[in-house]
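So the structure is just underneath, and the comments pick up after that.
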Protein chains: 2
Amino acid sequence: MKEGPDIALIGSLIGDPARANMLTALTGGKALTATELAGTAGITLQTASSHLSKLEAGGLIAQRKQGRHRYFTLADDDVGLMIEGLMGFAAYRGFTRHRTGPKDPALRKARVCYNHLAGDYGVRMLDSLIAEEVVSGAGDTLHLTASGADKMTALGIDLAALTRSRRPVCRACLDWSERRSHLAGSLGQALLTLFVDKGWARREPDSRAIRFTSTGEKEFAKLFPPPAPPPVALRHEHAIHA
Amino acid sequence: MKEGPDIALIGSLIGDPARANMLTALTGGKALTATELAGTAGITLQTASSHLSKLEAGGLIAQRKQGRHRYFTLADDDVGLMIEGLMGFAAYRGFTRHRTGPKDPALRKARVCYNHLAGDYGVRMLDSLIAEEVVSGAGDTLHLTASGADKMTALGIDLAALTRSRRPVCRACLDWSERRSHLAGSLGQALLTLFVDKGWARREPDSRAIRFTSTGEKEFAKLFPPPAPPPVALRHEHAIHA
DNA sequence: GAGATGCTTCGATCACGATCGAAGTATGAA
DNA sequence: TTCATACTTCGATCGTGATCGAAGCATCTC
């Protein structure tokens with residue numbers, strides 16, 4: 001009866017369409033102002049302000065003042081993972097808002113999930129990282145291997161900086177379009193940042209979609225080759241799993 | 001704006017305290033009647049009926065008639081995983097209903113998560129299964145190994161029956177008390193059933209808690225030994241991860 | 001300073017949905 | 001048949017919360 005965590009509180013926060021729209025927008029990773037969020041939610045600034053203060057009180061978002069603007073972001077990675085998880089559930093049930101639109105294929109191919117790469121490319125990247133033994137682990141507890149650490153450093157990623165924060169370096173995040181895991185955590189974020197910094201990929205202006213350049217595609221394929229097909233002995237597992 | 005899955009729908013379903021209570025009760029795995037659910041939610045039968053039809057329309061629960069009773073269960077494993085995920089998020093944020101009660105330690109030790117074992121014991125079981133290479137995989141895509149299949153068959157689990165259904169055999173489920181994965185899927189269910197059938201464990205009457213008998217404890221420890229401490233070379237990973 | 005922009009707070013409206021009483025339907029028991 | 005139990009449907013009430021207009025506060029520009 002009265003045991004366990006209170007999911008109703010979170011449910012009610014997400015349950016309002018306007019708030020859900022704002023949260024979805026923030027899942028794009030960019031910090032947005034109250035006015036922008038009001039726009040995407042289709043409500044006036046006053047109502048948006050009310051919603052935002054509720055979301056903040058509930059610990060789902062955070063704000064930082066900058067001049068006369070207030071920039072809102074998701075509170076932390078956990079919120080992003082939780083929302084992405086709900087999206088996966090909703091998508092699988094066919095609960096979509098407005099029928100899969102024209103942007104949909106692009107989103108399914110590659111998109112931002114709060115701060116890391118998601119979609120087909122995100123899943124393929126994690127598959128490859130595991131096959132190459134850069135990352136190992138099972139369940140959603142992933143960790144970087146010693147050899148993986150070297151590879152990442154060679155790529156130009158500052159591992160010391162990643163480990164300095166309290167956030168986990170590796171984390172599995174359930175992809176709503178692929179229904180499989182992709183890499184989250186500070187390493188996931190660093191890799192996406194790397195792609196953008198190198199000019200391999202860039203974010204579409206008003207969407208979560210990520211567009212890879214032609215050289216980006218090549219570099220991505222080189223860096224993250226698809227895992228080799230399993231040996232015959234292992235084929236058996238697939239039969240069992242299917 | 002109008003792209004992506006609709007999380008507000010699900011949020012609003014879960015957002016009502018009465019419905020959240022019912023769903024939490026159903027996470028116990030037992031099929032419950034409308035009257036029982038009304039009781040746990042603290043509402044009259046009429047209101048409960050209204051809520052239940054909404055939950056069913058939303059695809060979160062299923063009912064089956066049996067005489068003049070109607071037994072309700074969660075619609076499928078996905079719903080259980082989704083709710084357990086939300087609980088994990090809520091618990092981590094300190095959103096508990098009524099302060100961690102006296103039953104809490106028992107729940108954290110071992111409990112039912114819809115149809116499989118969760119809590120400390122659930123997490124330890126999966127850890128051991130992975131260390132013993134019964135189950136492998138990363139992210140939340142787990143699968144049974146060939147040698148693991150033999151071990152499970154030796155335990156008396158009918159793998160053919162498990163693979164006959166469309167449900168995945170192995171699945172990772174995020175544990176809300178441990179914040180790590182435990183084993184879900186039809187194998188997870190079969191293992192819990194095995195424990196109960198063998199008299200090693202039994203469910204507490206009106207709780208999600210699972211009580212292990214003294215012989216059950218011993219058998220569990222024998223079957224699922226804790227993983228060996230990682231070799232020195234791997235310690236490095238922990239430093240990075242922490 | 002005056003004006004503009006970004007946002008919050010107040011207050012009033014309004015609609016939706018949670019709630020329950022009462023009546024209706026289905027199944028089982030006597 | 002009659003009564004009891006399990007549940008649904010209908011209808012009315014009522015409260016909460018979403019919404020926006022108007023006013024207030026803060027910050028930047030000129």
Side-chain angles (χ1 to χ4, degrees), chain A residues 1-2 6-26 30-73 75 95 97, chain B residues 1-2 6-26 30-73 75 95 97:
Chain A
M1 324 240 196
K2 296 272 178 58
D6 187 2
I7 54 175
L9 233 155
I10 296 166
S12 65
L13 280 177
I14 302 176
D16 180 82
R19 283 194 291 262
N21 282 334
M22 293 178 169
L23 289 171
T24 308
L26 288 175
K30 262 195 300 196
L32 298 172
T33 66
T35 314
E36 289 171 320
L37 287 168
T40 60
I43 50 179
T44 62
L45 188 52
Q46 304 97 288
T47 10
S49 179
S50 155
H51 285 308
L52 288 169
S53 58
K54 280 173 193 171
L55 287 174
E56 195 184 9
L60 297 191
I61 64 172
Q63 60 164 300
R64 67 170 191 276
K65 287 181 70 170
Q66 202 168 73
R68 54 183 163 181
H69 294 276
R70 284 188 185 209
Y71 286 98
F72 292 88
T73 56
F95 292 161
R97 313 171 292 178
Chain B
M1 323 242 195
K2 294 274 178 54
D6 186 2
I7 55 175
L9 233 157
I10 296 166
S12 65
L13 280 177
I14 301 177
D16 181 81
R19 284 195 290 262
N21 283 334
M22 294 179 167
L23 288 172
T24 308
L26 289 175
K30 262 196 300 198
L32 298 172
T33 65
T35 316
E36 290 171 318
L37 287 168
T40 60
I43 50 178
T44 62
L45 188 54
Q46 304 97 288
T47 8
S49 179
S50 154
H51 285 309
L52 288 169
S53 59
K54 279 173 193 170
L55 286 174
E56 196 183 8
L60 297 191
I61 64 172
Q63 60 165 301
R64 64 171 194 276
K65 287 181 70 170
Q66 202 167 73
R68 54 182 162 179
H69 293 276
R70 288 194 180 201
Y71 286 98
F72 292 88
T73 56
F95 293 162
R97 313 172 292 179

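Numbers restart at 1 for each chain; the letters A, B, ... are given by sequence-line order, proteins then strands.
- Annotation: side-chain hydrogen bond (donor to acceptor under 3.5 Å, both in side chains) contacts involving residues 55-67 of chain B, sequence neighbours excluded, comprise B:E56-B:Q63, B:Q63-B:R70.
- For A:K54 and C:dT8, the NZ to C1' distance is 14 Å, given to the nearest whole Å.
- Here CD1 of B:I14 is found 12.5 Å from CG of A:L9. Values are rounded to the nearest 0.5 Å.
- Of the possible polar contacts, none joining the B:S49 side chain to the B:L45 backbone as a donor-acceptor pair under 3.5 Å is found.
- When all heavy atoms of B:A8 and A:A20 are compared, the closest pair comes out as CB-CB, 3.5 Å.
- The side chain to side chain contact (heavy atoms under 4.5 Å, CB included) check on B:L13 picks up B:R19, B:K54, B:L55, B:L60, with sequence neighbours excluded.
- Each end of the helix from C:dG1-D:dC30 to C:dA30-D:dT1 gets its own axis, taken as the rotation carrying the C1' atoms of four end pairs onto the next four within a five-pair window, and the two axes meet at 20° to the nearest 10 degrees.
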- Residue pair B:I61, B:H51: steps toward the side chain to side chain contact (heavy atoms under 4.5 Å, CB included) verdict: CA-CA 11 Å; B:I61 64 172; B:H51 285 309; over 6 Å; no

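- Using a 4.5 Å heavy-atom cutoff, the side chains of A:L37 and A:L26 are in contact.
- Rounded to whole Å, the distance from CG on B:L13 to C1' on C:dG17 is 13 Å.
- Distances shorter than 4.0 Å separate some side-chain N or O of A:S49 from OP1 or OP2 on C:dT8.
- The footprint of chain A on DNA chain D, defined by a heavy-atom cutoff below 4.0 Å, extends from D:dA18 to D:dC28.
- Taken to the nearest 0.5 Å, the CG atom of B:L52 stands 10.0 Å off from the CG atom of B:L32.
- When rounded to the nearest whole Å, the span between CD of B:Q46 and P of C:dT25 equals 17 Å.
- At the heavy-atom level, A:T33 lies under 4.0 Å from the strands shown only through sugar-phosphate atoms.
- Applying the side chain to side chain contact (heavy atoms under 4.5 Å, CB included) criterion to A:T33, with sequence neighbours excluded, gives A:T35, A:E36, A:H69, A:Y71.
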- Task: Mind running side chain to side chain contact (heavy atoms under 4.5 Å, CB included) on A:M22 and A:D16 for me, showing each step along the way?
- Result: CA-CA 10 Å; A:M22 293 178 169; A:D16 180 82; over 6 Å; no

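- Going from atom CG of B:L37 over to atom P of C:dT19 covers 14 Å, rounded to whole Å.
- Rounded to whole angstrom, the span from the CD atom of B:Q63 across to the P atom of C:dA26 amounts to 15 Å.
- For A:L45 and C:dT8, the CG to C1' distance is 8 Å, given to the nearest whole Å.
- B:T47 meets the side-chain hydrogen bond (donor to acceptor under 3.5 Å, both in side chains) test with B:T44; sequence neighbours excluded.
- Near DNA chain C, meaning a heavy atom under 4.0 Å from it, residues 64-72 of chain B has B:K65, B:G67, B:R68 in order of number.
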